[in-house]
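Chain identifiers are assigned alphabetically (A, B, ...) following the order of the sequence lines, protein sequences preceding nucleic acid strands; residue numbering begins at 1 within each chain. Everything numeric here is computed off the predicted structure, so don't read it as measured data.
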Amino acid sequence: MTRSSDVIILGGGIVGAACAFYLAREGIRATTLEAGLLIAGTSRACDGLLLLWDKVNDPEFELARRSVQLWRDLSGELGDASDDALEFTVSGCLALAKDAAQREAMEAIRAKMVRWGIPSEVTWLEPEEISRLEPNVARDLAGALYFPNDLMVDARRATMTLHHRAVSAGARLLDGLGDLRVIAEGDAVKGVAGPGVEYRADCVVVAAGAWTPLVLKPLGIEVGIRPRKGHILVVEKGPQLFRIPLMDTGYVATVESRAEDLQVGLILEGTMHGSILVGASREYVGYDRTINPVAIARLARNMVRFLPALAQRRIIRTYAGLRPASDDRRPFIGPHRAYRGLYVAAGHEGAGITLSLATGRMIADMIVGRETFMDPASFDPAR
Amino acid sequence: MAYQGETVGAALAALGQRAVRLSEKYGDLRGLFCGMGVCQECRVSVDGVPNVRACMTPVSPGMRVELLGVEGPPHG
Amino acid sequence: MDEPYDLVIVGAGPAGVAAAITAARYGLTVGLIDEYPEPGGQYFRPVPAAFRQPGPHDDDPRRTVLEEIRHLDVDLRMGTAAWGLFPERRVALSDGGSLQGRAVLVATGAYERGIGFPGWTLPGVMSAGGIQLLVKSQRVLPGRRVLLSGCGPFLLPVAADLLTAGAEVVAVLEAVPWSRTLRFGVHALASADRRRQAGHYAATLLRHRVPYVHGASIVEAMGEGGVRRARWARLDALGYPQPGTEREAEVDLVGIGFGFIPAIELLDTADAELVYDADRGGWVPTLTEALETSVPGLFAAGETAGIGGVDLALVEGRIVGLGVARRLGQSVPEEEMAGLLAQRRRLLAFASALNRTFAPPPGLTSLLREDVTVCRCDESTVAEVVRVIDRGRHHIDSLKCEVRIGMGSCQGRLCAPLCADLIVRRAGLSREAAGRLHLRPPVRPVPVTALTNMP
């Protein structure tokens, strides 16, 4: 059966949802198609911190800065409903340094914030000042950086909220469709097909996260995205051990690292429900999402190193997700010159939740022909 | 006053104490449900450690049991 | 790296113990893991030495297996919980260690299926099995005036145990109609053993004048701080409470028992193929005749393979022990295996008939009133779940993205069946289509030290 639409979005994760959301605001009722059952991909397997300080290059930072503002705007729009719809909080973030190397990283991060023009967003803490903020953190650290205005959402709720808002404005959302492919005729895209169904449109946005290369390959397009596996542990709720989400200053190095083997950084996030999300591991193992016992053991050891009281708790869940890691650490956002009507919006590595709104805004602006809020050249999908 | 090998859950039941914790969101009282360590409803605090299953934990001399989320009488 | 065992068994209930004994008798190296301090599982739940007294269940001839296993060379890892199954057939333990087997048997039993109804989270509302454990092996009465409500003959021994211990049983409510129990009773009572048992229960209930009411169910538990009153009603042919038939009583204990659910979580983490079979209690592994799952070297037996009772569990354990022995080169007499397989077929037929007869009627889902708690861990209500279903999320794994179910300490064991029922009702899907939660390790909450202590 063939159906037609102005714009089809291939991929129902947060980036696809954000595209649908902002297109709907432009009066364009996109059709979002998801191969699996919502939420099937990485957006169901991540934490929810929206950060600026961990961005690794200027274009990514610019995108993040706009995106974080859009998150604030969205929360403001939702008003009281934002608690339930996004689980939005201004949580702040405390990046801990456990040794000399991580203390050096503190310097690098602060210098970066100065260069980006946001020095007031970071406070330098000496070791003895940390326990005033967080008394249960280990007492033998080398220092910390405090970011008071960092934000946090629940990734799944946020994804579904964006979808719902788009659908309320007339967009369509279909999941459980099976493997999807782009239909091209000559040098133009004509739609998206799945088992037994076809959807026609002159404009297709491929927002398939780590699976984007698999979608684009049949079109003869190579894109520099590789799946980069991450694990999350969930610690059972109990008496509160910390208020501010905790990370380590070595985290940025793990993002930037080109190593194939297991990299572990710290993320400790208390959710609104009392549970604690623990990250963050990075490894290149293809599309395998099974739980790696070595990775979860290292995450557990690392979290206890920074917050010893966690040793008395229980772990109730683990999950793994695939970050769409871009070779040059910049996402791919914009029209692809190989086909008329083809757009790509993917490759955000571990910053998909943070960057989703600005990505959606940019895609919508591009599709309606408006000037984008920043030069999109850095994100050219055909670079 | 408890027997060797008795579980914390049984000891509390023997005392007529059906509630062992307060639910986190609505503050409802909860008690033992499955009795075999699966449902996780019977979580109490033992010697300061939270989320210990009362139905699976044998009592020991001097053990301090507190209802989770509530100040309860020490038990040993 | 340690030398792998020939057979690692998770779960020291009847099936696990039978498999261990059989394999050990053929000279296999066996590791047997269980969370309890002694083997026995839920069926042979041991009574602490300090208050052991002779009772009607202690002369159960099946108990000899517990004696037998003590005299065999089986590595007993008691007081340890298995929380994950990793390549290659490595079972992760809660102390940070692991056991690896050339073959692994998952015989982790089952847990009780609850139904949700207003007040079901009140202290004093327990699963029937939970009550039985407290009474039989902990020798404590968690209440004095009890209402039992559920499906199936398991309610009867629980009632008998309560009465023997001195509690007052206000009524035993069986949700299916009289005709079912009658029809099944005629079939079941072909066995002398079952006749004796049935007679014992009938006599006990009569002596204490306990009404055994068919076609009825609890509909609400009430009380401040704990259950003090219970309301029940007659059910129509589909299991819906009939208005005007409600009755109430003062109680301080309610036992609910609407069947059992196989504990297949470890199998699921290993990606063993599972199918939905209502006659076997829900999601069960597909098995070869040798009880091997779709994952080579991974076996299932006992309630994990499908609800079927202790005799089936013992037979299945022996089948696995023999099969693994044979696979590892031991000479196993063909008649022995053939005999066990024949016994299994017979017991399986009986078990399936039992489960079919006493399947909870669909109308019980109507007890899930809007304000009833579905997820006990995160306190999500029926209304919150239904809102998400009505928006088009028709698979239980999708529900998790919009409402908190299946993400707490019980890992969905309590709420998943209720959510599946709600999906069936609201979206008109089959139980199978509503799906199941796909568990990853840990299959139970584990101390952080289980991970930090890993080598």
- Task: Answer yes if the side chains of Ser127(C) and Glu112(C) hold a donor-acceptor pair under 3.5 Å, and no otherwise.
- Result: yes
- Message: Quick check on the interface: out of Leu141(C), Leu122(C), Leu133(C), Thr121(C), who has the most heavy-atom pairs with chain B under 4.5 Å?
- Response: Thr121(C)
- Task: Indicate yes or no: does Glu66(B) engage Arg64(B) in a salt bridge with an N to O separation below 4.0 Å.
- Result: yes
- Message: Looking at every heavy atom in both Met78(C) and Tyr36(C), which two are closest together, and how far apart are they?
- Response: CB-O, 3.4 Å
- Message: Ring of Phe117(C), cation from Arg369(C) - is the NZ or CZ under 6.0 Å from the centre and inside 45° of the axis?
- Response: no
- Closest-packed option against chain B by number of heavy-atom pairs under 4.5 Å, given Arg45(C), Glu224(C), Glu379(C): Glu379(C)
- Query: So, the side chain of Arg30(B) versus the backbone of Val20(B): is there a donor-acceptor pair under 3.5 Å, distance only?
  - Reply: no
- Residue part contacting chain B, namely of Asp378(C), when any heavy atom lies under 4.5 Å: backbone
- Just give me the residue among Gly37(B), Gly16(B), Cys39(B), Ala14(B) that pairs up with chain C most often, heavy atom to heavy atom, under 4.5 Å. Cys39(B)
- Message: Less than 4.5 Å to any heavy atom of chain B: does that hold for the side chain of Arg376(C), its backbone, both, or neither?
- Response: both
- Message: Could you check whether Arg436(C) pairs with Glu265(C) (Lys NZ or Arg NE/NH1/NH2 to Asp/Glu carboxylate O, under 4.0 Å)?
- Response: no
- So which part of Arg144(C) gets closer than 4.5 Å to some heavy atom of chain B, the side chain, the backbone, both or neither? neither
- Item | Region of Gln42(C) that comes under 4.5 Å of a non-hydrogen atom in chain B | side chain
- Contact class of Ile131(C) relative to chain B, heavy atoms under 4.5 angstrom: neither
- Out of Ser23(B), Gly31(B), Gly35(B), which one racks up the most heavy-atom pairs below 4.5 Å with chain C? Ser23(B)
- Task: Would you name the heavy atoms of Leu29(B) and Gly225(C) that are closest together and state the gap between them?
- Result: CD1-CA, 3.5 Å
